[in-house]
> 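This is the structure I have questions about; it appears just below.
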Amino acid sequence: MSDPLKYVGQPIARVDGPAKVTGKARFTVDVQPPGTLVCRILRSPHPHARILGIDISAAQKLPGVKAVVTADDTLKIKHGFVETPRYPADQYPLAVGVVRHVGEEIAAVAAVDEHTAEAALKLIKVEYEILPAVFDPEEAMKADAPEVHPSHPKVTEPFRNIAGKTETGWGDVDQGLAESDYVRTDRFESHLRTHGYLEPQATVASWEDGKLNVWTSSMGPFIKRKKLAQTLGLPLSAVRVHKSYVGGAFGGKIDLFSHEFCAALLSMKTGRPVKVVVSREEIFAAYRHGQPLIVELTTGVKKDGSIVAQRIRTINNCGAYKGSGVVVIFLSWGFAMATYRIPNMAYEGFAVYTNNTVRCPQRGHGAPQMRFAIESQMDMIAEEIGLDPVAIRLVNARLPDEQLPNGDNVHNCGLVECIEKAAERINLRERYGSSRNKAAEGGSLRRGVGIGVSAYFGGSLIYPNSSSVIVKLNDDGSLIILTGSLDIGQGAETILTQIVAEELQVPISQISIMAADTETTPVDIGVWISGNAYVTGNAAREAAMAVRHKILEIAAQELETETCQLVLSEKAVSVTGAPERRMSYAEIYEASVRSRRGDPIIGEGHWRTMRDVPTHPSLATAKGRWTENYAFDAQAAEVEVDIETGKARLVRAVTAHDCGFPINPLNVDGQIDGQVSMALGHAFLEEVMMENGRTLNPSWLEYRMPTIGEMALSESIDVITESYVVGQPYRTKEVGEGYVSAILAAIANALYDAVGVRLYTTPFTPERILKALKEKAQADSGNA
Amino acid sequence: MEHIKVVVHLLINGDAHDLAIAPEATLSEVLRGQLGLTGTKDGCGTGECGACTVLADGRPILSCLTLAFECQGREITTIEGVACNGELNPVQQAFIDAGAIQCGFCTPGMVLATIALLNETPHPSFAEIEKALEGVLCRCTGYNKIVEAVNRAAEAIAARLKGGTSCQTP
Ligand code: FES
Ligand code: FES
């Protein structure tokens, strides 16, 4: 039996808490080198237009303007979220010849202050030829639609504007559906939401002596370095991305953004630091949001509820460039297949270009949309065949060690237990259906409960594919961790510190962490592939273990014993059973420097999710392994609906989650609460309203994010399926984005339970609810 | 371009400053830009997010909507000014302990709004917490742990008062 864990698994307060709570934490918006110029960006007012000419001469002459750049000042190198042979980069940092969405970047100005920069933008003359535009993805697929880009050459269907397609499947779906006892087809639609990070997009770039120094609000410095170097034509070594704290990201700060490129280029032109802070209105109107999906879903089941076959077709309105649109149609398949056994499956997903703003990952990256569809339909099927929502899920839920169709394995999957526990906590079996549409005590309020399940992957291979960590011993026995990982609020610095503390038995307060600097910290996979806890965490553990080995060797030598006789505690090593034979880490450091020719005890560790897989799976066919790491969850919701006003709210959420084991339960709970909140915003409040490519509600006054007034009760239940053992690799699972999905479905199902209406389109606004209630009343009276 | 400047006398975290500012400069611009007090955050600049909340004579105001010259004669407290003798304010400590901080961008505004609340209402009900923090958006936490932090801070302050500690919150 190993010793109980002292640091890992404990609800330890965040290590960056003091910096953040005192205002000392430096975010990109706070970086202000002396002499910094202000950058502002000229954006297209049109959704689709040819640029006939740009005249910057008047802007250049304005006193206080230091530089103006357009595409002609660039190398015209394209970039993209995906850059593969099938999906090459498709977007210029500044528009070349054509603009394809409102807000597309055309020119940028660096000036001594904001007023001057704004005034300069007004002096830039752009002559446009307006081109026909298309906004709805199904319209855009039609043969006579305006062309945003030519359809992908490998797509054989006669559709226009196809940015990409994923097609995969197994078994025989037609036969499976024919053999099913019950089959139904439904269509679900989701809407456009934004990330709502509190810190705006911002970048500071400073070109000094042939080196580009960059501070940017991001989700990983290494990917930014790569894309900046690529588009600016610089060697990687000429770009240094520095650490700054990040005020939230949620998927929205991964891609290379034009403002980052422009700040860099303008600094190179002027030789002065250049700062750009994007306005909230620009973020709403011109920046990348999530991805509204259309999901057409046909499912056949046996009488016992077991799925026989499923046919899924998704259409993603991916905006004017590919962004991550071609990834979402691939991921959506994954979110469909990971939770339930589906013997026969046919999946096709289309990413369709339109003249809308570009789309990027958003917490869950397709999972909320897909799980909303599948889990809503699951409840409908259950009702038709006379099963309860728990029973039908238990019949289909994946079991430990099941092989997934892509060759991945679910390993210690805890899904069944998650379903049982979530259902039990909210008393779902008893409550579901019991109060449906029954008038509560004389009022207009109705309550219902519902459940949904989901799975999420973590740490898949994507540039830079791996993480390394360095741990250094100081001569006073304290430690320094060097990691390329970035804390965006999720607690990266805290959990890495906990892991190193555990491996080396050094108190948290005696460990400092240097993070997220491309020049002084080792490479890191980035905090956007749900891999920090697993990939970087294991690298930190390996690095600490290397230090541990050295410490033990030296102590064994000095104390004249075997390493297996030694125990570590409180920055010291002692001999088992003889605590007086003891050396502090400070003494060990001294001994190492003395006897090992100056070795100050530095450990390095590396990790990569899958050792033997060369690259990520095919986005076209979904063939190829993906990860070792699937997290599972079941979430239950209690929803209240006012049948007079149509207003609905989430009252209570229960999340039963298999995240392997929580490295920090306080962080895990925080992640769950935040995701529940985001999902209730998704369900009831938030929508970026667009008309002809223009955003109608570009502010937080008109785009309602949850305030404290909408807070729901959030409870979590750990389903522990993995363990942490000192000195051994572990397989914990992600918690950062998997819990926005099942809860959305659970809300939809609870809404149905409360008032008996099924909504196929998010968000569940009062108008939609009232309309559905009215239609139901008409149908009911027609039947009576 | 020539800009007109006015000289203002501001009292910030107990320090007096004479500053030449543009008449239209907001308090948040002066705090962040001229004084380097970047703990005050600007999430929207238009009064929608509450990240820029500071205290004026102990009451929360949105520094992005307040002209700096209007703050003359008022005692301004920012997040940099709430720790006491190098020790965290109980509200700051409670936010750390309760796990009420994630990205931390809303934290300064939340902490200041909470300090103002607890000064007026030492034992707030949930409705009172809701009302006091309604104007400060947090995207990360879902607010659950923020409510917990407010309650913890209320308890800590009560315990401290009993113990007769001299530290005054602003
Ligand atoms: S910055 Fe003042 S309210 Fe948003
Ligand atoms: S902690 Fe990120 S916005 Fe509140």
Side-chain angles (χ1 to χ4, degrees), chain A residues 11 13-14 16-27 29-30 32 63-64 112-113 115-116 119 195-200 245-250 277 279-281 487-491 666-667 669-678 699-701 705-709 711-714, chain B residues 1 3 22 32-33 36-51 78-83 88-89 91-111 126 129-147:
Chain A
R14 354 177 19 109
D16 55 4
K20 285 178 172 173
V21 84
T22 53
K24 292 198 185 98
R26 194 171 65 154
F27 294 79
V29 291
D30 305 330
Q32 185 78 19
V112 290
D113 59 31
H115 299 292
T116 312
H195 308 79
Y197 36 75
L198 261 280
E199 183 195 24
Y245 280 107
V246 181
F250 314 111
V277 178
S279 76
R280 194 53 64 178
E281 186 180 346
D487 208 306
I488 56 172
Q490 85 285 41
L666 194 61
N667 273 11
D669 280 354
Q671 287 296 309
I672 291 172
D673 295 346
Q675 288 174 79
V676 164
S677 173
M678 214 170 249
S699 77
W700 272 322
L701 285 184
M705 292 204 318
T707 67
I708 195 169
M711 186 184 85
L713 212 63
S714 166
Chain B
M1 258 189 257
H3 292 294
R32 291 178 49 76
L37 295 173
T38 54
T40 299
K41 296 298 177 223
D42 181 335
C44 68
T46 47
E48 295 157 25
C49 73
T78 71
I79 193 69
E80 289 90 348
V82 300
L88 293 182
N89 181 296
V91 175
Q92 291 176 303
Q93 192 60 52
F95 268 69
I96 294 176
D97 295 343
I101 303 167
Q102 288 186 30
C103 81
F105 204 78
C106 71
T107 307
M110 283 287 184
V111 166
F126 177 69
I129 298 173
E130 205 175 305
K131 190 154 167 279
L133 301 185
E134 209 168 41
V136 192
L137 288 178
C138 176
R139 188 55 151 175
C140 299
T141 66
Y143 306 98
N144 308 69
K145 300 219 182 305
I146 288 176
V147 173

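Hydrogens, waters and symmetry mates play no part in the numbers below; they use all other heavy atoms, side chains included. Throughout, a chain's letter reflects where its sequence line sits, starting with A, and its residues are numbered from 1.
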> Who among B:Gly39, B:Gly36, B:Gly142 has the most heavy-atom pairs with chain A under 4.5 Å?
B:Gly142
> Which answer fits B:Thr107, side chain, backbone, both or neither, if we ask what part of it has an atom under 4.5 Å from a heavy atom of chain A?
side chain
> Which heavy atom in B:Gly104 sits nearest to a heavy atom in A:Phe27, and how many Å separate them?
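Of all heavy-atom pairs spanning B:Gly104 and A:Phe27, the closest is C-CZ, 4.0 Å.
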> Between atom CD1 of B:Ile96 and atom OG1 of A:Thr22, what is the distance when rounded to the nearest 0.5 Å?
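The CD1 atom of B:Ile96 sits 8.0 Å away from the OG1 atom of A:Thr22.
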> Any chance you could measure A:Thr707, atom OG1, to B:Tyr143, atom OH, to the nearest 0.5 Å?
5.5 Å
> Which region of A:Pro11, side chain (C-beta onward) or backbone (N, CA, C, O), has a non-hydrogen atom less than 4.5 Å from a non-hydrogen atom of chain B, or is it both or neither?
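For A:Pro11, no heavy atom lies under 4.5 Å from chain B.
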> To the nearest 0.5 angstrom, please state how far the CG atom of B:Asp97 sits from the CZ atom of A:Arg14.
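If I round to the nearest 0.5 Å, the distance is 13.0 Å.
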> Over all heavy atoms of both residues, which pair between B:Phe105 and A:Val29 is shortest? Give the atoms and the distance, please.
CE1-CG2, 3.8 Å
> Counting distance only, does the side-chain N/O of A:Arg280 pair as donor-acceptor with the main-chain N or O of B:Gly43 below 3.5 Å?
yes
> Under 3.5 Å, side chain of B:Arg139 to main-chain N/O of A:His195, donor-acceptor pair present?
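At least one qualifying donor-acceptor pair exists.
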> Pick one of side chain, backbone, both or neither for A:Gln490, based on which atoms fall under 4.5 Å of a heavy atom in chain B.
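For A:Gln490, there is no contact with chain B at all, as no heavy atom is under 4.5 Å.
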> Would you indicate whether the side-chain heavy atoms of B:Cys140 and A:Phe250 approach each other to under 4.5 Å?
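Yes; the side chains approach each other to less than 4.5 Å.
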> Report which part of A:Glu199 has an atom under 4.5 Å of a heavy atom belonging to chain B: side chain, backbone, both, or neither.
both
> Heavy-atom cut-off 4.5 Å, strictly under: side chain, backbone, both or neither for A:Val246 against chain B?
backbone
> For A:Asp487, which atoms come within 4.5 Å of any heavy atom of chain B: side chain, backbone, both, or neither?
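Interface part for A:Asp487: neither.
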> Which answer fits A:Leu666, side chain, backbone, both or neither, if we ask what part of it has an atom under 4.5 Å from a heavy atom of chain B?
both
> Do B:Lys145 and A:Asp669 have side-chain heavy atoms sitting under 4.5 Å apart?
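The answer is yes, as the side chains (C-beta and beyond) meet within the 4.5 Å cut-off.
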> Under 4.5 Å from any heavy atom of chain A, what part of B:Leu133 do you find: side chain, backbone, both or neither?
both
> Can you tell which part of A:Ser714 gets under 4.5 Å to a heavy atom of chain B, answering side chain, backbone, both or neither?
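When you check distances to chain B, atoms from both the backbone and side chain of A:Ser714 fall under 4.5 Å.
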> Under 4.5 Å from any heavy atom of chain B, what part of A:Ala19 do you find: side chain, backbone, both or neither?
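Neither the backbone nor the side chain of A:Ala19 comes within 4.5 Å of chain B.
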> With chain B, which of A:Gly23, A:Gly709, A:Gly489 has the greatest number of heavy-atom pairs at distances under 4.5 Å?
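Option with the top pair count is A:Gly489.
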> Is the shortest side-chain heavy-atom distance between A:Val21 and B:Ile101 below 4.5 Å?
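Yes, their side chains come closer than 4.5 Å.
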> Just wondering, do B:Gln102 and A:Lys20 contact through their side chains at under 4.5 Å, heavy atoms?
no
> Check whether B:Ala98 gets within reach of chain A through its side chain, its backbone, both or neither, counting any heavy atom under 4.5 Å.
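Only the backbone of B:Ala98 comes within 4.5 Å of chain A.
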> Who are the side-chain hydrogen bond (donor to acceptor under 3.5 Å, both in side chains) partners of A:Asp30, not counting sequence neighbours?
B:Arg32, B:Lys41
> Looking at A:Ala13, A:Gly196, A:Ala712, A:Gly491, which makes the most heavy-atom pairs under 4.5 Å with chain B?
A:Gly196
> Is B:Gln92 reaching over with its side chain to a backbone N or O of A:Pro18, donor-acceptor style, under 3.5 angstrom?
no
> Go through the atoms of B:Val147 and report whether side chain, backbone, both or neither lie under 4.5 Å from a heavy atom of chain A.
side chain
> Please report the interatomic distance CE(A:Met711) to SG(B:Cys138), rounded to the nearest 0.5 Å.
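Taking CE in A:Met711 and SG in B:Cys138, the distance rounds to 12.0 Å.
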> What residues form a side-chain hydrogen bond (donor to acceptor under 3.5 Å, both in side chains) with B:Glu134, not counting sequence neighbours?
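By the side-chain hydrogen bond (donor to acceptor under 3.5 Å, both in side chains) rule, B:Glu134 matches no residue at all.
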> Quick one, B:Cys103 and A:Tyr245 - any side-chain contact, counting heavy atoms below 4.5 Å?
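They are not in side-chain contact.
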> Flag the pair A:Ser699 / B:Glu48 as yes when at least one side-chain heavy-atom distance between them is below 4.5 Å, and no otherwise.
yes
> Nearest heavy-atom pair of B:Ala51 and A:Leu198: which atoms, and what distance?
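Closest heavy-atom pair between B:Ala51 and A:Leu198: CB-CD1, 4.5 Å.
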